[in-house]
Amino acid sequence: RAKARGGNRFEMADPELDQRAITRHGLTTALPAALERGEFFIEYQPLVHMGDGRVHGAEALVRWSHPQHGILGPDQFIPLAEHTGLIVPLGRWVLQEAVRQACDWQQHRTEGAPLRINVNLSPAQLQHPGLVKDTVAVLERAGLEPGALCLEVTESALIGADEGLLKPLRQLAELGVDIALDDFGTGYSNLANLRRLPVSVLKLDRSFTKGMQQAPVDPVDLKIVEGIVSLAHSLELAVTVEGVETGVQADQLRELGCDTAQGWYYARPGPPDQLHALSLADAI
Ligand code: C2E
Ligand code: MG
Ligand code: MG
Ligand code: MG
């Protein structure tokens, strides 16, 4: 159709693409007001000890309750927030809210180790000079010990990171905050590089465990995961697996020595009450 109208090179050929661009633009401009109006909320997905099935914490996953579009997932707006810089105040809000929630769980928990809270950090937050100060302030205000917080940074955000980028993470790690390398295995990072990163947890990406959902499990997949787990453990890193959807996967991954797991097999992300209830159960 573009051609028939004289071949204007700038006419969009794909109306859907056009619509997506409009939507993207609309969402981007709506972000700051959405934060002020309190349209964001957090779901919590349990992290489970593979050994005994007990809940040991949760990952905070942000959602946007958009007045017209309904509930939007982070993949639909985090990249936009990163692009405009809104990720800094949004990320600060997520941290504050998740830490407050973790304190709330702790106050209602009379036995067992304190529940831990995992919060995702985007590359723009890493580069923001206030990261360490803000994080310490949030922990102090809420009264949460730094050891109960784990910040997740994707492997791709740290590839080729120079000392300047690693310094705030190093400072946080020295304060006792755990740093996890998220989506590990998708970023083609140099394994030897792991040694120089201030991380204590490796989160193995879902793509590695997809092939283990049903028996028979691909022996090559098993070998790869086995290798990563043994490398991680030799570097004194704990291994968390994401996206565990079946019992077959859970059994295999436990046998391979993974420490903690997260996935629909155990629980979907849900409201804070779900986590509280599951943490009181013996095991899930
Ligand atoms: P992620 O940190 O790797 O989080 C895990 C994602 O896998 C979540 O998607 C979760 O809902 C999904 N998931 C969990 N278990 C399963 C499973 O068994 N099967 C499958 N197929 N998926 C599973 P979600 O909530 O859509 O989040 C997507 C990504 O958005 C996150 O990936 C994270 O990188 C980012 N994100 C979420 N919340 C925040 C935030 O507060 N700040 C920043 N900067 N990024 C965030
Ligand atoms: Mg994560
Ligand atoms: Mg992940
Ligand atoms: Mg992931």
Side-chain angles (χ1 to χ4, degrees), residues 31 34-35 39-48 50 55 57-65 70-102 116-128 131 134-135 138 149-158 178-187 199 201-214 239-250 252-253 258 260-271 274-275 278 284:
L31 275 168
L35 185 57
E39 290 174 4
F40 294 98
F41 68 100
I42 302 177
E43 285 193 314
Y44 297 88
Q45 186 174 34
L47 286 151
V48 177
M50 292 221 89
V55 174
E59 178 173 7
L61 297 161
V62 68
R63 280 90 179 82
W64 179 1
S65 177
I71 293 174
L72 304 178
D75 292 337
Q76 290 169 283
F77 62 84
I78 291 286
L80 309 179
E82 252 175 71
H83 191 67
T84 59
L86 195 84
I87 190 68
V88 171
L90 176 60
R92 203 185 289 127
W93 177 80
V94 171
L95 179 71
Q96 206 172 302
E97 178 57 21
V99 163
R100 189 200 59 72
Q101 188 56 65
R116 310 171 42 79
I117 185 74
N118 284 35
V119 176
N120 292 286
L121 272 194
S122 78
Q125 288 174 274
L126 264 186
Q127 280 161 16
H128 187 261
L131 177 67
D134 286 352
T135 306
V138 165
L149 175 66
C150 176
L151 295 174
E152 301 191 358
V153 184
T154 60
E155 183 192 20
S156 54
L158 291 189
D178 269 317
I179 311 291
L181 202 53
D182 204 354
D183 299 343
F184 181 79
T186 57
V199 299
V201 182
L202 206 147
K203 287 191 84 171
L204 191 62
D205 192 67
R206 190 153 57 88
S207 52
F208 283 97
T209 57
K210 261 196 185 143
M212 296 183 189
Q213 285 183 354
Q214 309 297 337
V239 178
T240 301
V241 278
E242 342 181 278
V244 177
E245 295 184 359
T246 71
V248 172
Q249 268 174 314
Q252 296 285 353
L253 292 162
C258 295
T260 48
Q262 182 181 357
W264 298 346
Y265 173 67
Y266 301 100
R268 302 229 172 196
Q274 162 185 270
L275 199 277
L278 289 173
I284 55 176

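Because only heavy atoms are used, hydrogens play no part in the values below, and waters and symmetry mates are left out as well, while side chains stay in. Just so you know, ligand 1 is whichever comes first in the structure, and atom 1 is the first atom listed for that ligand.
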| task | Any pair with a residue in residues 87-100 that passes side-chain hydrogen bond (donor to acceptor under 3.5 Å, both in side chains), sequence neighbours left out, goes on the list, sorted by first then second residue, please. | result | R92-D134, E97-R100
Yes or no: does [X] have any heavy atom under 4.0 Å from an atom of ligand 1?
| X | value |
| --- | --- |
| G91 | no |
| R63 | yes |
| R206 | yes |
| G243 | yes |

| query | Do any N/O atoms on T154 end up under 3.5 angstrom from N/O atoms on ligand 1? | reply | no
Look at [X] and state whether any of its N, O or S atoms is less than 2.8 Å from the Mg ion (ligand 2).
| X | result |
| --- | --- |
| N118 | no |
| E152 | yes |
| D182 | yes |

| field | Shortest-distance N, O or S atom of E59 relative to the Mg ion (ligand 2) | value | OE2
| request: Show the numbers, then the answer: is there a side chain to side chain contact (heavy atoms under 4.5 Å, CB included) between V119 and E152? | output: CA-CA 6 Å; V119 176; E152 301 191 358; over 6 Å; no
Going by the atom numbers of ligand 1, which of them fall below 4.0 Å from some non-hydrogen atom of [X]?
| X | answer |
| --- | --- |
| P269 | 11 (O) |
| V62 | 38 (N), 39 (C), 40 (C), 41 (O) |
| D182 | 1 (P), 2 (O), 3 (O) |
| G263 | 15 (N), 18 (O) |

| Closest non-hydrogen atom pair, Q249 against G243 | NE2-O, 3.7 Å
| request: Search all heavy atoms of A261 against all heavy atoms of M50 and return the closest pair with its distance. | output: CB-CE, 3.8 Å
Does ligand 1 have a heavy atom under 4.0 Å from the side chain of [X], from its backbone, from both, or from neither?
| X | answer |
| --- | --- |
| D183 | side chain |
| S122 | both |
| V94 | side chain |

Using the side-chain contact (heavy atoms from CB on, under 4.5 Å) definition, which of the options [options] pairs with [X]?
| X | options | value |
| --- | --- | --- |
| Y265 | I284, V244, V248 | V244 |
| E242 | T209, L204, L47, D183 | D183 |
| K203 | L181, D182, T154, T260 | D182 |

| task | Return the set of residues passing side chain to side chain donor-acceptor pair (under 3.5 Å) with Q45 (not counting sequence neighbours), or none when no residue passes. | result | Q262
| request: Carefully, step by step, assess E43 and V62 under the rule side chain to side chain contact (heavy atoms under 4.5 Å, CB included). | output: CA-CA 6 Å; E43 285 193 314; V62 68; over 6 Å; no
| query | Are a donor atom and an acceptor atom from the side chains of E245 and W264 found within less than 3.5 Å of each other? | reply | no
| Aromatic ring pairing F40/F77, orientation class (parallel under 30°, perpendicular over 60°, tilted between) | tilted
| query | Who gets closest to atom 15 (N) of ligand 1 by heavy atom: Q45, E59, Q262, E245? | reply | Q45
